[in-house]
Amino acid sequence: MYIYDSIQKTKCHFEPIRANEASLYVCGPTVYDNAHLGHARSSLAFDLLSRSLEAHGYRVTMAKNFTDIDDKIIKKVEQTGQTMEEITDFYIDRYLKEMALLGVKRATIEPKATQSLHAIEEMIQTLLDKDIAYLISSGDVYFDTSKDASYGSISHRVSDEESQSRVAHTSQKRNPKDFALWKACKGSEDICFDTAFSSGRPGWHIECSAMIEKHFEAKDGYSIDIHGGGADLLFPHHENEAAQSRCSTGHEVAKYWMHNGFVQIDGEKMSKSLGNSFFLKDALEIYDAEVLRYYLNSVHYRNDFNFSEVELQTSKKRLDKLYRLKKRISPTSASSANKVFKKALLDAMGDDLNISIALAKIDEMVALGNDGLDSNPKDKALKKELYANIEMIDTLLGFGGREPFSYFQIGVDEQLKAQIETLLEERNEAKKAKDFVRSDAIRDRLHTLGVAIMDTPNGTVWEKS
RNA sequence: GGAGCCAUCGCCAAGUUGGUAAGGCCGUAGAUUGCAAAUCUGCUAUUCACCAGUUCGAGUCUGGUUGGCUCCUCCA
């Protein structure tokens, strides 16, 4: 299996630090607000990675954290009067539910910053003991970037002069690039945790380093195989994380780094600061979750993704075709997937998750399947193989797993269903009587109800259009 | 100001070591159908933003130009 490493900037053959195992850590959300499509894409991208690794025979251990202590959360506590836990529990719960709807598998480990404070304190203390970190009078602890010779190796950032930096300098910092490991409490209302060095809370970067150390055992100079996250985290977050880990543990945190591209709206990055967020909860109200999954995963994970309603509908059409085939072969059971097809899918996904090739192979498989059924509608062996193919797609890519008849009847209640059935019966009678004016009128009527019908040798079937 | 990414058919989008442009949507012709829909088949980029170079040969490599995006500040 090949993956693209953002540090080496090249596609690499994946060689895990432990044979047949793959350890993954993905930066999760800061839980102070609803998840948007960007969070979904990142989640979906690494879900695809995890599934692909498993399909290629690796036992995957994936950790995805929740940042549940942060300035923005504290601000929300002040604004709403709710406790920090009330806020973070609410958004974590919602995040997990929404990701579940999108078919994202749960991570093996889901650590929270507030549950990792001991590990965080230990790591900071180690860095203080080594004089790589330093405490200033306010109680803040900073990381001395000049002590890490490899600082900059992640983002390939040349150490430009401070004049270029847009960061406001704290006078007590040794170097402009030094970053906070620990932020001391500012007032009585602040949410603080006591440590040997000061009462305060962790900086943003330290939690990931500490959690990885806590949950993974290093081997051959690396703590984990793959570290993932959004492309915006490459600097400073991952640079700083790598530095902290390297300096406190003496080995590198990750062997490979993978970063997903952004979801854009009208060609611009979707972000809270731009105010152009498309929240998942809203998207899930108007679009089918499975279609959304297919769509968000239909563009290679490293490319930026410009959200478009038209393209989402195109994705739906492609998914519909898969389900029409599934409907056509139902009911049946799975034998084993077509070997050529299976290999093609695995090869595509094994090539740094080349989803475009994978989807093309699926379209091809569907066309071939329909063709086969056109010439021999009762080919049971073919039906079973096709069913196995679709099951395989569901396992590897996370779509196609639903019961096909209900897929085409999303949002149709029992009353409408009964009405449709009655109209179809009337139309059949009209057809038998060769009263095509009447049968076409009924078809138009169904069309206005948002129902498309198809006459097949086995009778008339309908879909919600 | 510094660093980086990207530019392929009307739209979306593949394209490891350079070797003669996947796939989907749309459109179109046909098979099928009472007509449709669904399904199948055919057609649909001499060309990869532009200019120059390397090469027998470049979408793929080098240099430049133009345009778009991202990071350097919280961010998936």
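The basis for the numbers below is simple: all heavy atoms, side chains too, and nothing from hydrogens, waters or symmetry mates.
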Under 4.0 angstrom, heavy atoms only, what part of the nucleic acid is [X] near: base, sugar-phosphate, or nothing?
X: D363(A); answer: sugar-phosphate
X: V299(A); answer: sugar-phosphate
X: G38(A); answer: base
X: R443(A); answer: base
X: E364(A); answer: nothing
X: A35(A); answer: nothing
X: L359(A); answer: nothing
X: K321(A); answer: sugar-phosphate
X: N260(A); answer: base
X: H36(A); answer: base
X: S315(A); answer: nothing
X: G261(A); answer: base
X: K9(A); answer: sugar-phosphate
X: K317(A); answer: sugar-phosphate

Can you confirm whether more than 12 heavy atoms, excluding those of K361(A), are under 6.0 Å from its NZ atom? no
Looking at [options], which one has an atom nearest to any side-chain atom of [X]?
X: K72(A); options: A76(B), C74(B), G34(B); result: C74(B)
X: D374(A); options: A76(B), U39(B), A36(B); result: U39(B)
X: D304(A); options: C69(B), G34(B), G24(B); result: C69(B)
X: S356(A); options: C35(B), A13(B), A76(B); result: A13(B)

So, the side chain of [X] versus the backbone of [Y]: is there a donor-acceptor pair under 3.5 Å, distance only?
X: E403(A); Y: F405(A); answer: yes
X: N175(A); Y: D178(A); answer: no
X: Y256(A); Y: E15(A); answer: yes
X: R174(A); Y: Y142(A); answer: no

Students often mix this up, so state it plainly: with edges at 30° and 60°, are the rings of F143(A) and F179(A) parallel, tilted or perpendicular? parallel
Starting from [atom2] on [N], measure out to [atom1] on [X] and report it in whole angstrom.
X: Q264(A); N: C69(B); atom1: CD; atom2: C1'; answer: 6 Å
X: D320(A); N: A37(B); atom1: CG; atom2: P; answer: 16 Å
X: R328(A); N: A37(B); atom1: CZ; atom2: C1'; answer: 14 Å
X: Y32(A); N: C74(B); atom1: OH; atom2: C1'; answer: 7 Å
X: H238(A); N: C74(B); atom1: NE2; atom2: P; answer: 14 Å
X: L274(A); N: A76(B); atom1: CG; atom2: P; answer: 14 Å
X: D455(A); N: U39(B); atom1: CG; atom2: C1'; answer: 13 Å
X: R318(A); N: A13(B); atom1: CZ; atom2: C1'; answer: 9 Å

Any stacking of F262(A) on A76(B), going by centres under 5.5 angstrom and planes within less than 30 degrees? no
What interatomic distance, in whole Å, is found between [atom1] of [M] and the corresponding atom of [N]?
N: C69(B); M: A22(B); atom1: P; result: 31 Å
N: C43(B); M: C9(B); atom1: C1'; result: 14 Å
N: G68(B); M: C74(B); atom1: C1'; result: 24 Å
N: C25(B); M: A14(B); atom1: C1'; result: 15 Å
N: U66(B); M: U28(B); atom1: P; result: 41 Å
N: U17(B); M: C5(B); atom1: P; result: 16 Å
N: C11(B); M: U44(B); atom1: C1'; result: 14 Å
N: U39(B); M: A76(B); atom1: C1'; result: 41 Å

Any salt bridge between K183(A) and D71(A), counting N to O under 4.0 Å? yes
Between S6(A) and H259(A), which heavy-atom pair has the shortest distance, and what is it? OG-ND1, 2.7 Å
Does S308(A) or F436(A) map to a spot on RNA chain B nearer the 5' end, using the closest nucleotide for each? S308(A)
Does D440(A) or T456(A) map to a spot on RNA chain B nearer the 5' end, using the closest nucleotide for each? D440(A)
Would you tell me if any nitrogen or oxygen in the side chain of K316(A) comes within less than 4.0 Å of OP1 or OP2 on C25(B)? no
If the cut-off is 4.0 Å, is R324(A) near the phosphate of U39(B), judged by side-chain N/O to OP1 or OP2? yes
Rounded distance [0.5 Å steps], OH in Y32(A) versus CD in Q79(A): 11.0 Å
Which one is paired to [N], where only Watson-Crick or G-U wobble pairs with both distances under 3.5 angstrom count?
N: G30(B); value: C40(B)
N: C25(B); value: G10(B)
N: C71(B); value: G2(B)
N: G53(B); value: C61(B)
N: A45(B); value: none

On a plain distance test, is the side chain of N354(A) in donor-acceptor contact with the base of G15(B) below 3.5 Å? no
